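Each remark here refers to the structure printed beneath this line.
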2 protein chains.
Amino acid sequence: MKLTRECEYAVRCVLYLSHEGKEIVVGRRRIAEEMEIPGPFLGKIAQQLARSNIIEIVQGSKGGFRLVPSPEKLTLLDVIEAVMGKVYLNDCVLRPDSCFRSPTCHVRLVWKAATERLRETLRKTSFAKLLEAESEYLSSD
Amino acid sequence: MKLTRECEYAVRCVLYLSHEGKEIVVGRRRIAEEMEIPGPFLGKIAQQLARSNIIEIVQGSKGGFRLVPSPEKLTLLDVIEAVMGKVYLNDCVLRPDSCFRSPTCHVRLVWKAATERLRETLRKTSFAKLLEAESEYLSSD
DNA sequence: TTATATCGGATAAATAAAATCCGATTTATC
DNA sequence: GATAAATCGGATTTTATTTATCCGATATAA
Ligand code: SF4
Ligand code: SF4
């Protein structure tokens, strides 16, 4: 019932890239250091983000990662499902056949509803909003 | 981001006991068989449910488990938190100190809100409702 | 007293998460 | 071109968690 650290790191990475701006290439080491992510692990995570076209990986000297979509269009759900696959709370939500009770089980319907509610919450949160909220917070000092 | 099997089994067990009725003692083997739960594992789970006063364990010959609260008062959240501890989606929701970003991080607020929404959904679902819904479904054949 | 149950602590097995390693490859710069 | 600075991506290792079982102790009905 919990986020994996992999997801958490992915969100942090994208948050950092959003902050730097859409077209800017930022080195892996720098992201890892500033966001407290184990460097080589970030590499692995980046590969998954790249497969989902959330970032573009630039190789070679001065290489790094660059955000592809604009932060307005990019949601928490996009990033999380890029590294975790589809979000759901119980196997039977996705594969009803996995349980003999599923034809009559109303617990399953609760999990289904809760899953959709959760995905909806994440879908509604864009990185643009997150950045805006944080900068407002900081400027109100 | 997923329910453990332990939780799933706990819910099934309580569902079965609710169905049988509040004062009835049902043997562990029978519950395990009918609900497809590994027998000894159910024993462990039952101990946790007993600690939270959700069931009472009757020892000795003809022993087994008995539901303590009435199904109207008992919610999915009660059962799940009895075996998992408090439900939350990310460490920083419960322990803000676990992350250096938490003072300004708005992702954290999303996790917090989503966690509360999830708990609310589970809190609203009583076992009485679940049973009723299933029996309605069955009688509409 | 015996047969039937569960208890509860310890432990084993299986699975998944988290992290790292390293040869290959790509690119900027001199 | 040669060199240095990056990441790639597959394999592997380490660690943590989940899942399940074992067994001597204990409790109860008959
Ligand atoms: S018992 Fe219900 S909730 Fe549990 S796995 Fe089966 S269908 Fe899903
Ligand atoms: S970065 Fe934000 S969401 Fe992630 S752990 Fe830290 S406080 Fe929580």
Side-chain angles (χ1 to χ4, degrees), chain A residues 1-13 17 24-33 35-52 54-68 80 82-85 87-91 98-99, chain B residues 1-13 16-17 24-33 35-68 80 82-85 87-91 98-99:
Chain A
M1 204 83 100
K2 254 169 29 196
L3 203 64
T4 62
R5 236 177 283 183
E6 194 178 27
C7 275
E8 168 61 32
Y9 293 155
V11 171
R12 281 190 212 171
C13 170
L17 290 174
I24 310 298
V25 174
V26 187
R28 169 163 65 88
R29 283 153 188 272
R30 180 161 143 223
I31 301 173
E33 194 166 322
M35 286 306 200
E36 298 195 355
I37 304 170
F41 197 16
L42 177 55
K44 283 279 150 274
I45 294 167
Q47 285 170 30
Q48 304 189 70
L49 292 173
R51 264 178 234 131
S52 299
I54 291 173
I55 65 172
E56 214 169 76
I57 296 174
V58 179
Q59 280 200 51
S61 173
K62 307 249 175 183
F65 313 141
R66 164 173 40 214
L67 193 66
V68 172
I80 285 164
V83 298
M84 279 216 127
V87 165
Y88 59 95
L89 295 175
N90 198 1
D91 280 343
S98 66
C99 177
Chain B
M1 204 82 100
K2 255 170 29 196
L3 203 64
T4 63
R5 236 180 280 182
E6 194 178 26
C7 275
E8 169 60 35
Y9 293 155
V11 171
R12 283 191 210 170
C13 171
Y16 193 84
L17 290 173
I24 310 298
V25 174
V26 187
R28 169 163 63 90
R29 284 153 187 273
R30 182 162 142 222
I31 301 173
E33 194 166 323
M35 286 306 200
E36 299 195 354
I37 304 170
F41 197 16
L42 178 54
K44 282 281 152 270
I45 293 167
Q47 284 170 30
Q48 303 189 71
L49 292 173
R51 262 178 237 131
S52 299
N53 282 307
I54 291 172
I55 65 172
E56 214 169 75
I57 296 175
V58 179
Q59 280 200 52
S61 170
K62 308 250 176 181
F65 314 140
R66 164 173 40 213
L67 192 66
V68 173
I80 285 164
V83 299
M84 280 215 128
V87 165
Y88 59 95
L89 294 176
N90 199 359
D91 280 342
S98 66
C99 175

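Letters A, B, ... mirror the listed sequences (proteins, then strands); counts begin at 1. When reading the values below, keep in mind they use all heavy atoms of this one structure, side chains included, and skip hydrogens, waters and symmetry mates. Given the structure is predicted, the values throughout are model-derived calculations rather than measurements.
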Just the rounded figure in Å: distance from [atom2] of [N] to [atom1] of [X].
X	N	atom1	atom2	result
B:M84	D:dT17	CE	C1'	11 Å
B:I45	D:dA20	CD1	P	8 Å
B:E8	D:dT19	CD	C1'	14 Å
B:E56	C:dT6	CD	P	15 Å
B:D91	C:dA17	CG	P	15 Å
A:E6	C:dA19	CD	C1'	11 Å
B:K2	D:dT17	NZ	C1'	14 Å
B:L49	C:dC7	CG	P	11 Å

From D:dG9, D:dT19, C:dA19, pick the nucleotide closest to the side chain of A:R5?
C:dA19

Side chain of A:K44, heavy atoms from C-beta onward: which of D:dG9, D:dT21, C:dA17 has the nearest atom to it?
D:dG9

Between B:L3 and A:G43, whichever has its closest DNA chain D nucleotide further toward 5' is A:G43

Taking a pair as Watson-Crick or G-U wobble with both distances under 3.5 Å, which nucleotide is matched to D:dG24?
C:dC7

State whether the side chain of B:R66 and the backbone N or O of B:E56 hold a donor-acceptor pair below 3.5 Å, judged by distance alone.
no

Given 3.5 Å as the limit, does a donor-acceptor pair link the side chain of A:R28 with the main chain of A:G39, or not?
yes

Side chain to side chain, A:N90 and B:K2, heavy atoms closer than 4.5 Å:
no

Residues B:R29, B:E33: salt bridge by 4.0 Å N-O rule
no

Closest non-hydrogen atoms of A:V26 and A:L17, given as atom of the first, atom of the second and distance, are CG2-CD2, 3.8 Å

Give A:P40 one of three labels, base, sugar-phosphate or nothing, depending on what nucleic acid heavy atoms sit under 4.0 Å from its own.
base

Identify the residue among B:I24, B:I54, B:I57 that makes a side-chain contact (heavy atoms from CB on, under 4.5 Å) with B:F65.
B:I57

Quick one, B:Y9 with B:L42, criterion side-chain contact (heavy atoms from CB on, under 4.5 Å). Give me CA distance, side-chain angles, the key distance, then yes/no.
CA-CA 7 Å; B:Y9 293 155; B:L42 178 54; 5.6 Å; no

Distance test, side-chain N/O of A:Y9 to OP1/OP2 of C:dA19, below 4.0 Å
yes

Report each atom pair, protein N/O against N/O of nucleotides 4-7 of chain D, whose distance is under 3.5 angstrom.
residue: D:dA6; atom: O4'; partner: A:G60; partner atom: O; Å: 3.3
residue: D:dT7; atom: OP1; partner: A:R28; partner atom: N; Å: 2.5

